[in-house]
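Chain naming here is simple, since letters A, B, ... match the order of the sequence lines and numbering starts at 1 in each.
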Amino acid sequence: MDSWSAFRSALEAQLPADTCSTDADDLATYGRDWTRVFAPAPKLLVRPRTTAEVSTVMQLATAHKVAVVPSGGRTGLAGGAVAAKGEVVLSFERMRAIGPIDALGLSVVVQAGAVTEAVHRHCAEAGLFWPVDFASKGSSQVGGNIATNAGGVRVIRYGLTRQWVLGLEVVLPSGEVLQLNGALEKNNTGVDLRQLFIGSEGILGLITQATLKLTRLPGKTDVFLFAVDNLKAVLKLFSTARKGPFTLSAYEFFTDKCTARLEKHRGLRPPFEAASSHYVLMEVEAADAGALDPWLQKLFEDGLVRDGTLAQSEEQARGLWALREGISESLSATGLPHKNDIALPIEALGAFCTELDSVFSTRYPGWEICLFGHIGDGNLHVNVMKPEQLTKEAFWEKTHEADEQLFSLVKKYHGSISAEHGIGLLKKPFLHYSRSDTELALMRALKAAFDPLGILNPGKVL
Amino acid sequence: MLFPMKILVTAKRVEDPESKIKVKPDGTGIVPEGLKYKINPFDEIAVEEALRLVAKHKGETVVVSIGGKEVHEQLRHAMAMGVDRAVWVNHTGPLDQMAIAGLLKKVCEKEKPDMAILGKQSIDDDQNQVGQYMAEWLGWGQATFASKHESLDSDAEKSKTPALVVGADGKTVKVVREVDGGLGTVECTLPAVVTTDLRLNQPRYAPLPGIMKAKSKPIEELTPAGLGVDVAPKLTVLKMSAPAPRKAGIKVPDVATLMQKLKTEAKVI
């Protein structure tokens, strides 16, 4: 018996019958994420129900040297959850239990497969909030959020996922189960292994359960949409908003290229009489009503904004947010985007974007480039849309070339080639633009220490 | 040539359906804590239609709300959208539909608009009576459930074309209205009462300059006594209760079982 057959029969002997699937639809679905660059080709799908079952799968994978790809909501944009080489996909979707809320310690224990939005709803009933929030929260899972150190629309206010995880339960490639940090806020006892797994993209261990740190739900928020002339105005408005009479909880921007796709796909438009090239969605907490009016007045007096609106109801606030959150989906639904997710020190953004324009005009003359992002975090989503006349292959080739130039520019301004999407398969060839040789060597050493056989999410990141 | 129009609209303060609405255990009303409020969505449509008409014809828009000082929020919202000024009928305590219609009739007699546009109903008690009472008592024509031929995705809607069509002599209004199984068109002599349905238009977001300007627009205060209206309710709410909670669903193992249950239990296919 070869090692694959031995692995299969051992799985079947040790796990419930419905754990494994080789159904073609299942394999195609679970073998990929939201990237459309790689063709899914896993050999097997396993959907365990408990940590013990995950451990069994890994013990057998180690014994038979079988590669395993962890799989959450598969909303990733870097190919981190893609299984294209006959791997086993381990889906956490059956491990979605959400425990009772610890209202004193402000925490909740959830399994890796709990859907982000379900966690939000659960916490909201107790007036609490896990402030990891982004457009795909209705599909993404907590385990994936943690494994990718997800960012999103609230980073400017609350920071990354990393700040909102107290403890982790992790299954190592060997099958051994680690309990890291539990529900402790303070624990200075050597190297914090928990943080190594956060953002590791599933190459070190499998996150099966987490103790999430919670905060109180924000009070009254005000949601604004502004129409502005250009990126310079977006940045200038941001520097004004930083000092505004409120706490910023989101500062997002997008261009008319994005809204054109949004209108085509979802029929949504910015609610202004005249179209503008750049839009800013700003959400604030605890606005000082007395000081807000003069602040807004000044924006118009200084000509910083062309137009603006403030949501008058929850429904309108959701309507404004839909303009921002519908973009990614609309780009993919109406065309084929090549996505880049870069971060720059915010003070370098202006100069960077000027140089970026010249890269675009030489590399992509006349192409449609949809820019949006969490500009308040220095995070730009650069989406190049495939022109009709180009084949997919020719398109990937051209974008790959241009990426080298884009990332050199990112490096020049001390930015990151992946702000929040991660490295996965898609950005792996470019990791050296953001990490030194020594850093890469240390990462490889870590990988070898946790996963000496290299069976966990092989080929990703490093 | 177009004749300038004076249009009166309403802005009832209603519970925002996005907030959690709970009935008090003793059935005397709903729990006010934690509720958010907004303009009755049908009234918001009325405001939008009035603004479009006045943008085309020139003239003036006036918004009315009845309630305690808190209704200033809804009056300011309407003025932020572009309404010129507000009338506030200061009254706290329950009001039935006849009292509301009586108050609005008096305000109309005072303001003498060419048209009063109201929501066809308010989403709190869903009565759908005020516009009809008002028109009858004023002796005006009425066109209820105003709608339009074009869809809300049409170019006419995008260019904010008013759906109500005022005659060239400024003396009539043509209104497309929803009727069973389709649309009908009625023509009323002005002044008239028009009540709005959901598909009449898509209300605008209040522009920021409008929101700021609205804070200094005038709100005139009136009272039921000053208007000479007896608002003592003729209707009494005896008891309020929440709808029976829905039964939890079940999970079926496969499509065959689903089909069988749809046939034999749900009897829908």
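Within a 6.0 Å sphere centred on CZ of R85(B), other residues, nucleotides and ligands contribute more than 12 heavy atoms. Annotation for R96(A): atom CZ does not count as buried by contact number, only 12 or fewer foreign heavy atoms lying within 6.0 Å. In the displayed structure, K56(B) atom NZ is contacted under 6.0 Å by more than 12 heavy atoms of other residues, nucleotides or ligands. Residue K158(B) places its NZ atom among more than 12 non-hydrogen atoms of other residues, nucleotides or ligands, all under 6.0 Å distant. Dense packing is recorded around CD of E301(A), with more than 12 heavy atoms of other residues, nucleotides or ligands lying under 6.0 Å away.
To the nearest 0.5 Å, the span separating NZ on K36(B) from CD on E315(A) amounts to 13.0 Å. Expressed to the nearest 0.5 Å, how far NZ of K38(B) lies from CD of E314(A) amounts to 9.0 Å. Here the straight-line distance linking atom CD of E44(B) with atom CD of Q312(A) works out to 9.0 Å at 0.5 Å rounding.
Proximity to chain B among residues 224-233 of chain A is limited to F224(A), F226(A), judged by heavy-atom separations below 4.5 angstrom. When the heavy atoms of residues 285-300 of chain A are compared with those of chain B, the residues falling under 4.5 Å are D293(A), L296(A), Q297(A), F300(A), listed by number. By a heavy-atom distance cut of under 4.5 Å, E263(A), R269(A) are the residues of residues 249-270 of chain A near chain B, going up by number.
The minimum heavy-atom distance between G308(A) and P209(B), with the atom names listed, is O-CD, 4.3 Å.
Legend: residues meeting side-chain contact (heavy atoms from CB on, under 4.5 Å) with K261(B), ordered by chain and number and at least two apart, are I250(B), V252(B), T257(B), E265(B).
Looking only at heavy-atom pairs under 4.5 Å with chain A, the residue among P41(B), A80(B), P207(B), A206(B) that has the most is A206(B).
Contact of D153(B) with chain A is not made at all, since no heavy-atom distance falls under 4.5 Å.
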